[in-house]
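This report refers to the structure that appears directly beneath it.
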Amino acid sequence: MKSKHNSSGNRTRSTISIFVVIALCCFFYLLGAWEKSGFGKRDSIAFPVTKQTDCSNVFTNLNFETHHNMEEIVEPSEPKAKVFKPCDVKYADYTPCQEQDRAMKFPRENMIYRERHCPPEEEKLHCLIPARNGYMTPFPWPKGRDYVHYANVPYKSLTVEKAVQNWVQFQGNVFKFPGGGTMFPQGAGAYIDELASVIPISDGSVRTALDTGCGVASWGAYLLKRNVLAMSFAPRDNHEAQVQFALERGVPAVIGVLGSIRLPYPSRAFDMAQCSRCLIPWTANDGMYLKEVDRVLRPGGYWILSGPPINWKTYYKTWKRSKEDVQTEQRQIEALAESLCWEKKYEKGDMAIWKKKVNTKSCKSKSVNVCQTEDADDVWYKKMDTCVTPSPEVTNANEVSVGALKFPARLYAVPPRIANGLVDGVTTESYQEDNKLWKKHVNTYKRINNLIGTTRYRNVMDMNAGLGGFAAALESRKSWVMNVVPTIAKNTLGVIYERGLIGIYHDWCEGFSTYPRSYDLIHASGVFSLYKNDRCSLEDILLEMDRILRPEGAVIFRDEVDVLNKVRKIVGGMRWDAKIMDHEDGPLVPEKILVVVKQYWVAGSGNSTSNDQ
């Protein structure tokens, strides 16, 4: 028989639990309203909403009965969290592994100096990268495609340098992007229409694309209207902030270059790739760069070349080159493409299009140097080679070719790499179970934060993407997900691309190839358990997350409770507001969820420092 004392205690705990639920529900509802216009503390939306909010219906399925309170997370005897100071404002656009001063110490040959060169431990910053004074949350999609706040990327050089080509215009306190490019000054839409006359862009056959030397990524921006996801990259060079502009517009992009190191993507990743006056020397180094494009291009995929040397008869004088020089270059490209089993499908005006044959074995010459590597997806910091990556051994070549399965059907169909047993430990059954699990998890996230799945969180990152289940469950034209497969995790990035999603390899002990304030929402499931025995600390990874997260952006951690205890303690000194809660299946599950919101703050607001570290 229960004692009155126990009964009273139970009622007390029950009452406390109810208040916790109500408090949390109101917190996240108001958080949503607070963030919607992107002005944080200066937002005028939140106050009226408090008078209208019925918090009783925000979370209907989560069980908060034994939700962790503050005493359960941090022992009273533990010292307070270390407080991280803001970095100097000169670091507002700091990119750890692509800094100009460090880059100039490396050879210019093969663009080595534009590749990743990360700082040694003693040169790492241990402070918070500030936003500039006046920073504003980017315009919501689709308006964001065409407009960027000047205060967020205060660089006007491209408005002058590329004025004739309609890259970007400066109007008042915003930049406007008319959709032009060097090879499509009349707009990316018309350019893509011409491509679509040859390439099956509109029926879902083509879903993933690669833009080498993307500028401000207008090609990728306008492909999104056709439900095509382009991975755009360009170096951090004298074209100031081009990748930063792309990300501010809500377009997938990373800092990168075709140099001496393999691209950080798996083989057979892209349905289509293009070079729009990217000025990459395709015939140099025995065709090494075009062979790398061939590696990442799917059988049946398309390669577009617009710009030199195409249409050389018209432009050779403008390019200040001789007829013989540009004619020879085009002939060499034609011969190289033929050796790769690419068939020319189109050439008109400034554009040429090739298609990679589905069955390349039938046309490869015996003289072609075929790569002998056992794993064509093992590319992190691996030197680019002049050999040709062989096609996979499959029962039917058509099953891995472009158009074999159209999007969106391919999002949940069993990917060929899994169907053919090429991913250790992953079967058709476990893949399907993984999809069910992530649908459940994402539904939980949406109940926690009702802005997930809206245009407020346009740029999303999954730091440990696994089979891409999180991104698949979140799939919507309102957002896109950068699926990161850590270099120390199981290599599943090829599966992610086969699903019609995009991503990249990365080592989280280093800086990511992007600018500060690139992402609205970051998902980190199992990241810190994965790295707990690695060469870098939790602090290193969290500071990098802070760098790439926008003010008022959110992070969702999912990990073991002891790991999240440590994480929550560190973020307490990073100007992040954090709440921890139980797993969907109840308090007895050791895996928990930690939800964080980065506070709005800028340089020069009385809380930054002049110290570098």
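Because only heavy atoms are used, hydrogens play no part in the values below, and waters and symmetry mates are left out as well, while side chains stay in.
A salt bridge does not link Glu498 with Arg410: every distance from a Lys NZ or Arg NE/NH1/NH2 to an Asp or Glu carboxylate oxygen is 4.0 Å or more. Looking at Asp582 and Lys592, a side-chain N of the basic residue comes within less than 4.0 Å of a carboxylate O on the acidic one, giving a salt bridge. In this structure, Glu121 does not pair ionically with Arg535, as no charged nitrogen and carboxylate oxygen lie closer than 4.0 Å. We find that Arg295 and Asp385 are not joined by a salt bridge, their nearest charged nitrogen and carboxylate oxygen being 4.0 Å or further apart. Checked for salt-bridge contact, Asp271 and Arg207 miss the test: no charged N lies under 4.0 Å from a carboxylate O. Checked for salt-bridge contact, Glu552 and Arg550 miss the test: no charged N lies under 4.0 Å from a carboxylate O.
Contacts of Tyr519 classified as ring-ring contact (aromatic ring centres under 6.0 Å, His included), with partners at least two apart in sequence or in another chain: Trp480. Partners of Glu560 by side chain to side chain contact (heavy atoms under 4.5 Å, CB included), not counting sequence neighbours, listed by chain and number: Ser529, Asp562, Val563, Pro590, Glu591. Remark: Arg249 engages no residue in a salt bridge (Lys or Arg N to Asp or Glu O under 4.0 Å) (not counting sequence neighbours). Scored by the side chain to side chain contact (heavy atoms under 4.5 Å, CB included) test, Asp585 finds Lys440, His583, Val589 as partners (sequence neighbours excluded). Under the rule for a ring-ring contact (aromatic ring centres under 6.0 Å, His included), the partners of Phe528 that lie at least two apart in sequence or sit in another chain are Phe557. Applying the side chain to side chain contact (heavy atoms under 4.5 Å, CB included) criterion to Val527, with sequence neighbours excluded, gives Met463, Asn464, Ala524, Tyr531. For Trp303, the ring-ring contact (aromatic ring centres under 6.0 Å, His included) partners are Trp282, Trp342, Trp354, not counting sequence neighbours. Applying the side chain to side chain contact (heavy atoms under 4.5 Å, CB included) rule to Gln432 yields the partners Val414, Thr428; only residues at least two apart in sequence or on another chain are considered. With sequence neighbours left out, the ring-ring contact (aromatic ring centres under 6.0 Å, His included) criterion links Tyr445 to His523.
No hydrogens or angles considered: a donor-acceptor pair under 3.5 Å links the side chains of Ser430 and Thr427.
For the pair Pro200 and Tyr302, the tightest heavy-atom approach, listed with the atom from each and the gap, is CD-OH, 3.4 Å. Between Ala209 and Val228, the closest heavy-atom pair is CB-CG1, 4.1 Å.
A cation-pi contact, defined as under 6.0 Å to the ring centre and within 45° of the axis, links Arg145 to Tyr222.
We find the CE-OG distance between Met288 and Ser260 to be 7.0 Å, quoted to the nearest 0.5 Å.
Put simply, the side chain of Lys598 gets close to the backbone of Leu549: a donor and an acceptor are under 3.5 Å apart. Without hydrogens or angle criteria, Thr492 side chain to Val495 main chain gives no donor-acceptor distance under 3.5 Å. A distance-only check finds a donor-acceptor pair linking the side chain of Asp520 to the backbone of Asn459 [under 3.5 Å]. For the pair Arg499 (side chain) and Leu467 (backbone), a donor-acceptor distance under 3.5 Å is present.
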Would you please test Arg558 and Glu584 for salt bridge (Lys or Arg N to Asp or Glu O under 4.0 Å) and show each step?
CA-CA 11 Å; Arg558 180 180 286 270; Glu584 301 94 327; 2.7 Å; yes

Chi angles and distances behind the side-chain contact (heavy atoms from CB on, under 4.5 Å) call for Leu501, Leu411:
CA-CA 8 Å; Leu501 304 169; Leu411 185 63; 3.8 Å; yes

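Counting only residues at least two apart or in different chains, salt bridge (Lys or Arg N to Asp or Glu O under 4.0 Å) contacts with residues 424-434 comprise Glu433-Lys436. Applying the salt bridge (Lys or Arg N to Asp or Glu O under 4.0 Å) rule to pairs touching residues 476-496 yields nothing, sequence neighbours excluded. The salt bridge (Lys or Arg N to Asp or Glu O under 4.0 Å) contacts involving residues 368-377 comprise Asp377-Arg417, where partners must be two or more places apart or lie in separate chains.
Using cut-offs of 30° and 60° on the angle between ring planes, the pair Phe512 and Trp508 is parallel.
More than 12 heavy atoms of other shown residues, nucleotides or ligands fall within 6.0 angstrom of atom NZ in Lys382.
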